[in-house]
Participant: 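Mind having a look at this structure? Questions to follow.
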Amino acid sequence: MKVLIIATYAGISGASHSLIHLAKQLKYKGVVPIVIMPGSGPLEDLLNENDIKYKKFRLFNWVTPIIGYHSLKERLKWSLKRVINFFQEVRIFFFIKKNNIDLVHINAITADWGYIAAKISRKPIVWHIREFLEEDLAKRFWNKNKALKRLGKANSVIAISDSVANKYKRLIKDNEVIRIYNGIEYNDYDSIKNEIFQKEYLTISLAGRFVPEKGHEEAVYAVKKLADDGVLKVKLKFYGKEGQESYIKKIKTLIKQFDLENQVEFMGYRNDMHNVWGGTDIALVCSKAEAFGRVTVEALMAGALVIGANTEGTAEIISNKYGLLYEQGNYISLAENIAYAYKNKEAAIKIASQGQKFAKEKFTAEKNAESIYNIYEKLL
């Protein structure tokens with residue numbers, strides 16, 4: 001079986017890691033995955049590292065930021081990009097024919113590349129929904145009706161959480177939306193022995209793109225509140241490098257204003273986050289909305305205590321049983337949960353242990369790939 005996987009982003013994101021993990025697991029099942037990616041980017045390095053074949057095409061996403069006026073010039077640019085995408089679909093069609101592709105799997109809904117080529121070549125389409133779109137990415141479709149219509153004509157639509165599935169079940173009238181949780185490679189976490197709350201200071205980590213939707217600002221305010229309340233031995237570490245420069249500047253200004261330079265650090269991008277989580281006491285997930293929460297599951301698997309916002313995918317995963325939930329948008333609530341864990345270490349360790357066991361049983365890459373492979377077999 002040969003499967004063409006359409007990567008809708010050439011950078012590194014949760015969707016990118018999910019694509020890599022899926023492709024690796026499919027190879028164990030005898031599937032030959034071939035990836036199409038929209039130009040050069042860090043994803044290329046991951047594909048090479050894992051010996052996954054790929055082809056680069058210049059392509060443009062069919063989403064645009066929600067906020068901001070879309071001028072006539074921008075709309076004309078999008079019209080030109082649509083024309084380029086159409087001609088690239090012709091190239092993808094011939095690529096499908098030349099490589100004897102059996103099925104096309106589009107990795108996210110931020111683009112529809114491969115849809116036309118698959119339809120013309122009469123190949124089944126599996127379409128993954130890995131995002132809410134408006135709520136988590138602050139983006140929308142250029143043409144929502146067209147996008148939903150195409151999703152409705154896919155042979156199978158997969159959502160990565162019940163929260164995402166529930167949203168799109170209401171929007172996609174002509175298709176079933178199946179929930180399959182993302183999978184994490186268990187081997188990366190099997191040998192980690194994370195003894196949380198044993199160090200002199202509390203290590204708190206937050207990973208993700210530097211955009212307002214991820215809640216870095218909320219975390220800084222919470223650390224300031226903890227400092228004001230006398231909980232001084234706290235280190236907040238931000239991991240990641242992509243995002244909005246203006247937002248990064250805003251966060252750094254806030255840190256300086258609050259005199260927290262010794263307590264808040266920017267650690268940059270790491271490709272071994274399992275080791276980061278293995279040295280973390282508390283993992284923060286402050287997002288306004290997480291479609292699933294790969295970071296949440298990775299931190300759980302490493303034995304860290306997850307404190308997350310009480311929204312969407314985060315609440316769905318930890319549900320105040322495998323981590324602690326705080327009121328999203330309320331930094332005082334976040335600070336109170338951190339202080340509770342700090343002052344009630346035995347209870348916090350027990351919750352983290354339950355979360356680790358749950359994550360390792362529920363969210364494996366093998367389970368994810370098995371469920372998706374069964375869909376492939378059914379369609380073929």
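For clarity, every value in this text was computed on a predicted model and none was experimentally measured.
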Participant: Would Lys24 and Glu185 pass as an ion pair if we require N to O under 4.0 Å?
Facilitator: yes
Participant: Have Glu290 and Thr314 got a donor and an acceptor in their side chains that come within less than 3.5 Å?
Facilitator: no
Participant: Is there a donor-acceptor pair under 3.5 Å between the side chain of Ser16 and the backbone N or O of Ser13?
Facilitator: yes
Participant: Would you call the rings of Tyr373 and Tyr376 parallel, tilted or perpendicular if under 30° counts as parallel and over 60° as perpendicular?
Facilitator: perpendicular
Participant: Taking the cut-offs as 6.0 angstrom to the six-membered ring centre and 45 degrees off its axis, would you call Arg91 and Phe87 a cation-pi pair?
Facilitator: no
Participant: Has Asn61 got a side-chain atom pairing as donor or acceptor with Val63's backbone, closer than 3.5 angstrom?
Facilitator: no
Participant: Should the pair Lys362 and Tyr181 be classed as cation-pi, given the thresholds of under 6.0 Å to the six-membered ring centre and 45° from the axis?
Facilitator: no
Participant: Ignoring hydrogens and geometry beyond distance, is a side-chain donor-acceptor pair present between Asp45 and Asn48 at under 3.5 Å?
Facilitator: no
Participant: Can you tell which of Leu22, Val297, Ile160 makes a side chain to side chain contact (heavy atoms under 4.5 Å, CB included) with Asn182?
Facilitator: Ile160
Participant: Run the numbers on Glu218 and Tyr326 for side-chain hydrogen bond (donor to acceptor under 3.5 Å, both in side chains), then give the verdict.
Facilitator: CA-CA 11 Å; Glu218 205 158 276; Tyr326 78 95; 2.5 Å; yes
Participant: Run the side-chain donor-acceptor check on residues 112-128: report pairs under 3.5 Å with partners two or more places apart or on a different chain.
Facilitator:
| from | atom 1 | to | atom 2 | distance (Å) |
| --- | --- | --- | --- | --- |
| Asp112 | OD2 | Arg150 | NH1 | 2.4 |
| Trp113 | NE1 | Phe60 | O | 2.9 |
| Lys119 | NZ | Lys153 | O | 2.9 |
| Ser121 | OG | Ala117 | O | 2.7 |
| Ser121 | OG | Ala118 | O | 3.3 |
| Lys123 | NZ | Ile101 | O | 3.3 |
| Trp127 | NE1 | Ala108 | O | 3.0 |
| His128 | ND1 | His105 | NE2 | 3.0 |
| His128 | ND1 | Arg130 | NH2 | 3.3 |

Participant: Kindly determine whether Ile109 and Tyr168 satisfy side chain to side chain contact (heavy atoms under 4.5 Å, CB included), including the steps that lead there.
Facilitator: CA-CA 11 Å; Ile109 59 168; Tyr168 284 94; 3.2 Å; yes
Participant: Do the ring planes of His216 and Phe210 sit parallel (below 30°), tilted (30 to 60°) or perpendicular (above 60°)?
Facilitator: parallel
Participant: Could you check whether Lys345 makes a cation-pi contact with Tyr342, meaning its NZ or CZ is under 6.0 Å from the centre of the six-membered ring and within 45° of the ring axis?
Facilitator: yes
Participant: With heavy-atom distances below 4.5 Å as the criterion, would you say the side chains of Ser18 and Arg294 are in contact?
Facilitator: yes
Participant: Taking it one step at a time, do Glu44 and Lys56 satisfy salt bridge (charged side-chain N to carboxylate O under 4.0 Å, His left out)?
Facilitator: CA-CA 9 Å; Glu44 198 170 350; Lys56 291 184 286 186; 3.2 Å; yes
Participant: Look only at the side chain of Asn368 and the backbone of Thr364, and say whether a donor-acceptor pair between them is shorter than 3.5 Å.
Facilitator: no
Participant: For the residue pair Phe358 and Phe363, categorise the inter-ring angle as parallel (less than 30°), tilted (30 to 60°) or perpendicular (more than 60°).
Facilitator: perpendicular
Participant: Checking Asp281 side chain against Phe197 main chain: does a donor-acceptor pair fall under 3.5 Å?
Facilitator: yes
Participant: Please answer whether the main-chain N or O of Asn107 pairs with a side-chain N or O of Thr8 as donor and acceptor at a distance below 3.5 Å.
Facilitator: no
Participant: Stepwise, does the salt bridge (charged side-chain N to carboxylate O under 4.0 Å, His left out) test hold for Lys250 with Glu245?
Facilitator: CA-CA 9 Å; Lys250 181 180 181 181; Glu245 288 298 326; over 6 Å; no
Participant: Please tell me if the side chains of Leu19 and Leu47 come closer than 4.5 Å, counting only heavy atoms from C-beta onward.
Facilitator: yes
Participant: Any donor-acceptor pair under 3.5 Å linking the side-chain atoms of Gln356 with those of Ser353?
Facilitator: no
Participant: Taking Lys321 for its side chain and Ile318 for its backbone only, find out whether a donor-acceptor pair lies under 3.5 Å.
Facilitator: no
